[in-house]
Number of protein chains: 2
Amino acid sequence: MPDPITGPRPTLEAVAARAGVSRATASRVVNGGAGVRAPLVDKVRRAVEELGYVPNHAARTLVTRRNGAVAVIIAEPEFRIFSDPFFAQQVRGISRELTANDSQLVLLWVEGRGDHDRIARYLGGGHVDGALAFSVHNDDELPALIEKSRIPTVFGGRPVEERSLAAPYVDCDNRGGARQAVQHLVSQGRRRIAHIAGPPDLTAAIDRVDGYRDVLIDADPSMVCQGDFTEKGGALAMAELLERHPDLDAVFAANDLTALGALRTLRERGVRVPEDVAVVGFDDMASVVEQADPALTTVHQDIEGMGRLMVKLLMRLLDETGGPAPASVITPTSLIHRASA
Amino acid sequence: MPDPITGPRPTLEAVAARAGVSRATASRVVNGGAGVRAPLVDKVRRAVEELGYVPNHAARTLVTRRNGAVAVIIAEPEFRIFSDPFFAQQVRGISRELTANDSQLVLLWVEGRGDHDRIARYLGGGHVDGALAFSVHNDDELPALIEKSRIPTVFGGRPVEERSLAAPYVDCDNRGGARQAVQHLVSQGRRRIAHIAGPPDLTAAIDRVDGYRDVLIDADPSMVCQGDFTEKGGALAMAELLERHPDLDAVFAANDLTALGALRTLRERGVRVPEDVAVVGFDDMASVVEQADPALTTVHQDIEGMGRLMVKLLMRLLDETGGPAPASVITPTSLIHRASA
DNA sequence: GCCCCTGCTGGGAGCGCTCTCACACCGCCG
DNA sequence: CGGCGGTGTGAGAGCGCTCCCAGCAGGGGC
C-alpha cells in the first residue's frame, strides 16, 4: 500500500489513481465538484485528504491564464508611508478582501523614475491579474505607465486628471468632509477660521482646501497656510498663522497629524483649546487621535473599507461576464465630535 | 510581414520563428545566452525586442519549480505595524533586495489564529520559494506553523526559543545596544538611571532590559517601569517613574517613541533635559527622532539593512549549490550622540 | 587524410493542470 | 422494444517553457 506522504508533492494524476477515477474527474472535484456524482466526489475528496494534495498553481495558471494575484503598487516618493498609518490601514483592508477572493497580494514598491521599466515589465509580464495603485501625486507618471500596460487597475485616491476612459478610483469625499468640518466650526460661532493645508500636489489636500473655501467663500487667503501632512509641519504652520492672525478662533487642519502639531504649538503658546481656538482634524486615525490632548474632533473616513472597496471594484473589472465597467466611488465622511472643537 | 505587436502575447516559439532559430536556442538566449554564438544571440535579442516578448512566468515555474517569489509574513496581533515605522522600513529593505534578486514580494497578513490554516495551505502550496517572517511575540504559534510547512524561512527578530535546527534569524544587538546606552549615561556621571521597558512578550524588549541590567547589576527593580513601545506608554511610565524616584537623573527608553513620550512628560513637569534628566532612546527612527525636543540621543540600528540581510540569508538558503546553511546574524548598533544625553 | 573531440544547435519529451469532445449509460416516451 | 435526450465520465490535446540528448559541424592531432 504505497502512501507517499512525504517526498515529491502528489499530482492530480496520483489523486485520480488513488480514487480510481480519471484525471478529468479528479480535476472537476478539486474545482468544486459540479457535475460529478456524490460517491465519486467522496472518493476523490478522501484521496486528496490522504495524499495531502495541493494543486500546482503554476500549472493551473498556465492553462487558465488567471494568476490569483494582484499587484499593489506603492510609489516610493511618498515619504508619508513611513509616518502615516494611512497606507498600512488601507493595505490591511486590501489584504483582507483579497483573501476573501482567494487572491494574493504582490507588493510592488516603486523606487522612483528609474524603476518604471521594471514595473512596466512586471505588469506586462502577466504575473498578476490586476493592480491597485495609489496615485495621488500630481507629477507622477505612474498612472500613465500603468494605463499603458493595459492591466486592469483601480486607483486609490483621485488622480489629478480624471480621464474619461481611465481606470476607476476610490476616494473619500475629501471636499465634502472639509465642508463638514468648517461648517461645524461656523455653527459653533467661530468667525476667524484658518486652514493648514496639505502638500499642494496631493489631490486629497487640494480637495480639502476647496471644501474649506466652499464654506468660507471670501476667506482671507492669508488664513490658509501650507503644511505637509506631518506633525512638525502642522506645528510650524500654526505658529505662522498665529503670527499673521493673533485673533483667529479656529483651525481646520488638513489631517490629524497636522492637527496634532497645531495643538502642540497652541499648548506651548498657552492658547486654550477649544476655549480660545477650536481645532478640527481630518482622517480620524486611531493611533494619532489617541495622542491628542484635548481629544481631537476630526473628520472620519473608513480607510480600511476603502481598501476593501478597491479590491471589490477590481474583481468586478476582472469579471469577464460582461456587466458595465465599475465606476469610481467616493465614500462618505462623517464628523466625529470630540473635545477640541 | 506579420508583426503582432498587439493581440495575444508572443511566445518563445514566435521569437524563435522570427529569429530563425529553434525554441531551445531562443530559450538559451532569453536566459542569459550562454553557449550560443554571438550572431544568433543578436538575432534572438532583436526578435524579442520587436515582438515585445515577455517570458510566461507560469510556464517557467512549472518546469523549473522556482517561483521567483517570496512571502513576507506579518502577524496581525502586532498593532505596532500601524504606529511604528519600523516594519515599513524593514519591508522596504526587503523589497529592494528582492528586486535585486529578481524575486517578488508576496505579502501575507495573518489575521490571528483562525487564519493559520490559510497560511499553512499557502506556504505548503508551493506558491513561493521561501518566506520571511517576523516573529517577536512570545506566544505566537506562527514559527512552529512555518517550520512545519518546511519552507525555507528567515526570521526577523530573535524568536523566543532558539531551537538548534530552527531557521536563521536576523536581529540587531539589542542587548549590546542597551549596554551602550546605559554605559554612556554612566560615563556622563548619571547615577540614578531608570529604564522604561517595552512589551514583555517581545524579545527585543526583553533583551534591552537585560542590557540595562548588565550595566546596572544591582539596580533597584522599581527603577524599571513597563512601557509598550508607544509614545503614550512612554509618557505614562515616565510619570510613574518620577513619582517613585523624584531624584532620578537619567532614563533609558526602550525605543524612540517611548523616549518621545518621556520627553513630553518631563517637559510638562518642567524638568530640564538633559540638565536634570538625561534621556536616551533606541532605534534612531528618523521620523520619530526629528520630532524630539531636545534632539534625541539614541541607539542606531540599520533597519533597512536588516531587511536586506534577511533576503540575502534566504537566498543563500535557497541556493542549492551546497554550502553550509547560513547562520543567524546579529547586526551591530551604535550610539548616536545628540542633545538629550 | 582520417578520426576523435569539442562546441553549438535542434528535436522532443514532459512539467501538472484544464477543458473540449466523444462516448457510454440510463431512463423515458412512443 | 427501439430510439432519443440528458447526464457523467474519460481520453487526449494542449498551455509555454526548460532541458536532456542526439546530431552535426569544425578543428586539431597523428
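Excluded from the calculations below are hydrogen atoms, water molecules and symmetry mates; all remaining heavy atoms, backbone and side chain alike, are included. Not measured: the values here are computed from a predicted model.
Counting only distance, with no hydrogens or angles, the side chain of B:Arg23 and the backbone of B:Ala16 share no donor-acceptor pair below 3.5 Å.
In this structure, A:Asp171 does not pair ionically with A:Arg158, as no charged nitrogen and carboxylate oxygen lie closer than 4.0 Å. The pair A:Arg308-A:Glu304 meets the salt-bridge criterion, since a charged nitrogen lies less than 4.0 angstrom from a carboxylate oxygen.
Between A:Arg118 and B:Thr99, the side chains place a donor N or O and an acceptor N or O closer than 3.5 Å (distance only, hydrogens not considered).
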* Structure fact -> Under a 4.0 Å heavy-atom criterion, the protein footprint on nucleotides 8-21 of chain D, written with B, S and -, is SBBBBB-BBBBB--

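For the pair B:Leu108 and B:Ile74, the minimum side-chain heavy-atom distance is 4.5 Å or more.
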